[in-house]
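These notes are about the structure you will find just below.
Being a predicted model, the structure only gives us computed values, none of them experimental. All values below come from the heavy atoms of this structure, side chains included, with hydrogens, waters and symmetry mates left out.
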Amino acid sequence: GKFVRGATRGDGSEGEDATANLLTVKDGPHALTGKTPAVIEVRGEVYMAREDFMKLNAAREKAGEPVFANPRNSAAGSLRQLDSKITASRPLRFFAYALGERSADADIGKTHWDFLQHLKAWGFHVNPKAKLLRDIDDALAFHGALGEERAGLDYDIDGVVYKVNRFDWQDTLGMVSRAPRWAIAHKFPAERAQTV
């Protein structure tokens, strides 16, 4: 139940060791709460909230440093710093959203939704917008509603990822190259704005 190692996804097979930097992320638990398996790999995304990004850029501008382009690139660059003190100075957050390797004693439930509930119980932050959808109509309605809400969220998103809920069906569907056959991204149209 203790944090041992963290890595970037890299090319899907091999990533960079980011353990020291991930230890500085304030809302990623360093030890799990409750009954935990001997080994569990939790996958997720390090991100920077928009409000935190604006404050960081304001401080950088005041200090005469170049400002960052956007929160997503800032978070990714912060995680890849060679000096973890720099990473620690950045307002990074973490959403847990997927299962990786696990030991045989890992009680994670029979579905992805069950696993998300375990993540919450262990102390991880799970995106509050995650939702269990019953059919394609629910999925399309969810995508449309979240697209309307997108600009008001405190973090950047570029779409919705739909996942087959049952783990046994995920196992049956398997993977191709780097991508699971049991998950698909439904992107939003590119954001458009008029500048002055």
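Note on Arg93 versus Asp52: salt bridge recorded, some NZ/NE/NH1/NH2 to OD/OE distance being below 4.0 Å. Looking at Arg166 and Asp168, a side-chain N of the basic residue comes within less than 4.0 Å of a carboxylate O on the acidic one, giving a salt bridge. Taking a cutoff of 4.0 Å between a charged side-chain nitrogen and a carboxylate oxygen, Glu41 and Arg43 qualify as a salt bridge. In this structure, Asp107 does not pair ionically with Lys35, as no charged nitrogen and carboxylate oxygen lie closer than 4.0 Å.
Rounding to the nearest 0.5 angstrom, the gap separating the CZ atom in Phe115 from the CD1 atom in Ile108 is 6.0 Å. With rounding to the nearest 0.5 angstrom, the CG atom of Asn127 is 12.5 Å from the CG atom of Leu119.
In the hydrophobic clustering, where aliphatic and aromatic side chains (Ile, Leu, Val, Met, Phe, Trp, Tyr) are joined below 4.5 Å either directly or transitively, Leu140 groups with Ile136. Other residues sharing the hydrophobic cluster of Val176, ordered by chain and number and joined by side-chain separations under 4.5 Å: none, the residue standing alone.
Between Leu132 and Thr111, every side-chain heavy-atom pair lies at or beyond the 4.5 Å cut-off. By the 4.5 Å heavy-atom criterion applied to side chains, Lys163 and Val161 are counted as neighbours.
Judged as a ring-ring contact (aromatic ring centres under 6.0 Å, His included), the pairs with a partner in residues 75-96 (not counting sequence neighbours) are, in order, Tyr47-Phe95, Phe95-Tyr155. Applying the salt bridge (charged side-chain N to carboxylate O under 4.0 Å, His left out) rule to pairs touching residues 64-73 yields Glu45-Arg72, Arg60-Glu65, Arg72-Asp158, sequence neighbours excluded. The list of ring-ring contact (aromatic ring centres under 6.0 Å, His included) pairs with a residue in residues 51-74, not counting sequence neighbours, is empty.
When the side chain to side chain donor-acceptor pair (under 3.5 Å) test is applied to Asp17, the partners found at least two apart in sequence or on another chain are Thr19. Contacts of His143 classified as ring pair (Phe, Tyr, Trp, His ring centres under 6.0 Å), with partners at least two apart in sequence or in another chain: His186, Phe188. With sequence neighbours left out, Trp182 forms a ring pair (Phe, Tyr, Trp, His ring centres under 6.0 Å) with no residue at all. With sequence neighbours excluded, the residues satisfying salt bridge (Lys or Arg N to Asp or Glu O under 4.0 Å) with Lys55 are Glu51. Residues meeting the ring pair (Phe, Tyr, Trp, His ring centres under 6.0 Å) test with His125, sequence neighbours left out: none. Every residue was checked against the salt bridge (Lys or Arg N to Asp or Glu O under 4.0 Å) condition with Arg102, not counting sequence neighbours, and none meets it. With sequence neighbours excluded, the residues satisfying side-chain contact (heavy atoms from CB on, under 4.5 Å) with Ser84 are Ala20, Asn21, Thr24.
Note on Phe167 and Leu133: separate hydrophobic clusters, where clusters join Ile, Leu, Val, Met, Phe, Trp and Tyr whose side-chain heavy atoms are under 4.5 Å apart, directly or indirectly. Residues Leu173 and Leu99 do not share a hydrophobic cluster, clusters being chains of Ile/Leu/Val/Met/Phe/Trp/Tyr side chains in contact below 4.5 Å.
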